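Model, not experiment: these values are computed from the prediction.
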Amino acid sequence: TASRPLDAFLYNIPYIEGKSFTTQTDIMGFLKEQSFKVNTYFRTFTLYEEVIPLLEEMVSIRPTLNWDIDGMVIKVNELSLRNILGSTGKHPKWAIAYKFEAAEKTTQLLSVPVETGRTGKITPVAVFEPVEFDGVTVTRATLNNFDDIKRKGVRLGSTIIIRRSNDVIPEVMGTISNTGTDDIPVPTVCPSCHSPLEKDGVHLFCRNHSGCPAQTVGRFVHFASRDAMNIDTFSEKTAIQLSEAGLIKTFSDLYRLKIEDLLTLERFGRKKAENLLAAIETSKTKPFSALLYALGIRQVGIRTVESLVEQFPSVEHLQKATVWELQAVSDIGEVVAQSIYDYFHNPRHIQLLEDLQSLGLSTVHQQSQLTSNRFEGMSIVVTGKLVQRSRKEVENYIKEHGGKVSSSVSKNTSLLVAGEDAGSKLEKASQLGVRIITEEELYLM
């Protein structure tokens with residue numbers, strides 16, 4: 001890492017013992033005094049109208065900079081005002097990112113192949129003559145769906161307008177008028193398994209979940225990913241090899257692989273095969289929450305899984321749960337509840353879970369060993385920037401002492417732990433009369 005040409009400008013000090021600041025200007029001055037690298041283009045102004053010339057100035061000098069930028073950040077200078085303004089769940093209310101207009105280029109559309117994802121969703125992809133943006137050569141961009149293609153007037157052979165959204169993601173903006181020859185045909189069968197496609201909203205789907213190779217590969221890549229079963233050395237290429245060889249169709253097949261199976265595959269030596277099998281065996285020790293996320297249940301992300309296992313700590317509990325009971329869980333609405341219910345009442349999924357359990361995977365949530373019961377019966381929300389510990393560590397601390405962590409404030413919230421720049425949750429807690437404490441006060445309770 002030290003040999004890589006990495007660099008950074010520093011701009012903030014979340015916490016420093018024995019010293020406080022009143023403005024962003026103070027922070028920048030202190031960082032500079034301590035010989036930290038700061039961006040020299042830092043300006044303060046008192047009137048909104050004064051910011052426009054600064055933005056125009058940066059647009060003009062942007063090409064001369066020796067680092068890449070895609071915009072400027074405008075902040076409230078007074079730190080005390082930032083605390084008053086607060087933040088939403090996604091961004092502060094005291095700052096805004098002004099994005100420069102993305103560079104656009106024209107090129108010729110060559111073809112529009114379609115791809116099948118792990119959920120069966122069909123995505124059209126634009127393949128075009130290469131275009132270069134600041135040294136990056138781009139040849140492909142997603143077209144989202146066929147309604148989007150029609151709206152943008154994209155046709156085969158069109159001269160299309162390409163933009164790198166936020167200077168990163170290639171995007172087809174539209175076409176030069178009256179270009180192109182033929183309309184792009186809407187597929188009727190899956191490109192991977194040739195099953196008939198169904199339209200759901202604006203998207204097309206392949207419903208052949210068990211027999212579609214593309215979906216199989218996508219599901220296995222997700223299953224083995226870091227936040228799921230975290231199977232080291234298992235890549236998309238490995239998933240394709242195993243799938244094409246007929247060695248994996250369901251997740252339980254992974255745990256039945258033998259070294260003799262792997263040695264028949266191209267570029268699979270004994271050492272590589274042993275490493276993969278060892279990683280698969282190690283994944284059996286992952287908790288039930290990891291398995292639940294790895295299953296790839298539609299609409300169910302990591303946060304939903306964490307809430308779910310607290311109320312339904314085993315496969316058996318989930319199979320018995322009604323849609324209404326699932327909806328009672330924090331952060332789970334009607335659509336997600338129905339998706340979970342359908343998954344655990346599908347005979348194919350029931351058999352899969354039985355197989356995984358028989359192969360040694362955990363289908364029961366192991367409650368953390370309680371250090372104390374000081375937060376027993378309490379629903380606690382954590383918000384804002386934390387100083388002493390990471391958010392995950394604070395949430396685990398609460399659970400270890402008998403409390404329940406929630407992501408939203410309600411009348412049932414017992415405590416709100418407010419870190420720096422706490423926003424809308426702090427405001428709602430104040431309105432509801434919820435007790436508000438600092439991170440330090442939480443540890444002293």
Side-chain angles (χ1 to χ4, degrees), residues 107-131 137-160 162 165 169-175 179-225 228 234-251 253-254 265-266 294-299 339 343 346 348-349 352:
T107 185
Q108 186 177 16
L109 179 67
L110 300 177
S111 62
V112 182
V114 294
E115 298 176 347
T116 307
R118 68 178 175 88
T119 63
K121 187 172 78 171
I122 304 298
T123 302
V125 179
V127 178
F128 41 81
E129 291 285 355
V131 289
T137 301
V138 180
T139 59
R140 294 163 62 91
T142 178
L143 280 165
N144 301 315
N145 57 71
F146 287 90
D147 285 9
D148 194 41
I149 289 174
K150 187 175 181 180
R151 180 178 62 82
K152 291 177 177 178
V154 178
R155 306 178 75 201
L156 290 173
S158 294
T159 301
I160 55 176
I162 302 295
S165 183
I169 304 169
E171 180 181 8
V172 177
M173 300 303 298
T175 66
T179 59
T181 54
D182 302 309
D183 290 336
I184 295 166
V186 179
T188 57
V189 297
C190 172
S192 180
C193 68
H194 308 294
S195 297
L197 300 179
E198 296 179 12
K199 191 166 186 180
D200 186 351
V202 297
H203 297 290
L204 292 171
F205 285 88
C206 169
R207 301 301 188 190
N208 181 21
H209 299 303
S210 59
C212 179
Q215 291 186 61
T216 298
V217 169
R219 285 197 301 271
F220 273 96
V221 170
H222 172 76
F223 184 86
S225 63
F234 189 95
S235 64
E236 181 178 2
K237 189 173 181 179
T238 301
I240 293 172
Q241 277 189 287
L242 294 172
S243 178
E244 289 179 345
L247 294 173
I248 55 171
K249 292 181 180 179
T250 67
F251 299 140
D253 292 335
L254 263 183
L265 303 177
E266 186 179 357
L295 294 174
I297 303 170
R298 196 174 179 185
Q299 310 281 355
S339 178
Y343 186 93
N346 183 310
R348 184 162 53 86
H349 297 154
L352 169 64

Report task. Name all residues meeting the side-chain contact (heavy atoms from CB on, under 4.5 Å) criterion together with Pro130; count only those two or more places apart in sequence or in a different chain, and write none if there are none. Result ->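 By the side-chain contact (heavy atoms from CB on, under 4.5 Å) rule, Pro130 matches Thr137, Thr139.
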
Query raised in the report: Can you list the residues that meet the side-chain contact (heavy atoms from CB on, under 4.5 Å) rule with Ala141, with sequence neighbours excluded?
Result: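 With neighbours one apart ignored, the set is Phe128, Pro170, Val172.
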
Value rounded to 0.5 Å, distance of [atom1] in [X] from [atom2] in [Y]:
{"X": "Ile149", "Y": "Ile184", "atom1": "CD1", "atom2": "CD1", "answer": "4.5 Å"}
{"X": "Arg348", "Y": "Tyr343", "atom1": "CZ", "atom2": "OH", "answer": "8.0 Å"}
{"X": "Glu129", "Y": "Thr159", "atom1": "CD", "atom2": "OG1", "answer": "10.5 Å"}

**Report entry** ring-ring contact (aromatic ring centres under 6.0 Å, His included) contacts touching residues 203-222 (sequence neighbours left out)
**Finding:**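 Listed by first then second residue: Phe220-Phe251, His222-Tyr293.
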
Donor-acceptor contacts, no H, no angles, side chain residues 235-247, under 3.5 Å, sequence neighbours left out:
unit_1	atom_1	unit_2	atom_2	d
Ser235	OG	Lys237	N	3.4
Ser235	OG	Thr238	N	3.2
Ser235	OG	Thr238	OG1	3.2
Gln241	NE2	Glu266	O	2.9

Query raised in the report: Run the side-chain contact (heavy atoms from CB on, under 4.5 Å) check on Cys206 and Ser192 step by step: do they pass?
Result: CA-CA 9 Å; Cys206 169; Ser192 180; over 6 Å; no

Under the side-chain hydrogen bond (donor to acceptor under 3.5 Å, both in side chains) rule, collect the residues that match up with [X], sequence neighbours excluded.
{"X": "Asn144", "value": "Asp148"}
{"X": "Ser195", "value": "Asn208"}
{"X": "Arg298", "value": "none"}
{"X": "Asp183", "value": "Arg155"}

Closest heavy-atom pair and its distance - [X], [Y]:
{"X": "Gly153", "Y": "Ser158", "result": "O-OG, 4.3 Å"}
{"X": "Phe234", "Y": "Val221", "result": "CE2-N, 4.4 Å"}
{"X": "Pro213", "Y": "Gly211", "result": "CD-O, 3.4 Å"}
{"X": "Leu156", "Y": "Pro185", "result": "CD1-CD, 4.5 Å"}

Query - Any side-chain heavy-atom pair of Leu197 and Cys190 under 4.5 Å - result: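 Side chain of Leu197 against side chain of Cys190, heavy atoms only: contact under 4.5 Å found.
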
Requested in this report: Any salt bridge (charged side-chain N to carboxylate O under 4.0 Å, His left out) involving residues 187-203? Give me the pairs, sequence neighbours left out, ordered by first then second residue.
Outcome: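 Sorted pair list: Asp147-Lys199, Glu198-Arg207, Asp200-Arg207.
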
Query raised in the report: Can you list the steps and then say if Thr175 with Ile160 is a side-chain contact (heavy atoms from CB on, under 4.5 Å)?
Result: CA-CA 4 Å; Thr175 66; Ile160 55 176; 3.9 Å; yes

Result block: side-chain N/O donor-acceptor pairs under 3.5 angstrom for residues 108-127, not counting sequence neighbours:
unit_1	atom_1	unit_2	atom_2	d
Glu115	OE2	Arg140	NH2	2.6

Query raised in the report: What residues form a salt bridge (Lys or Arg N to Asp or Glu O under 4.0 Å) with Asp253, not counting sequence neighbours?
Result: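 Counting only residues at least two positions away or on another chain, Asp253 forms no salt bridge (Lys or Arg N to Asp or Glu O under 4.0 Å).
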
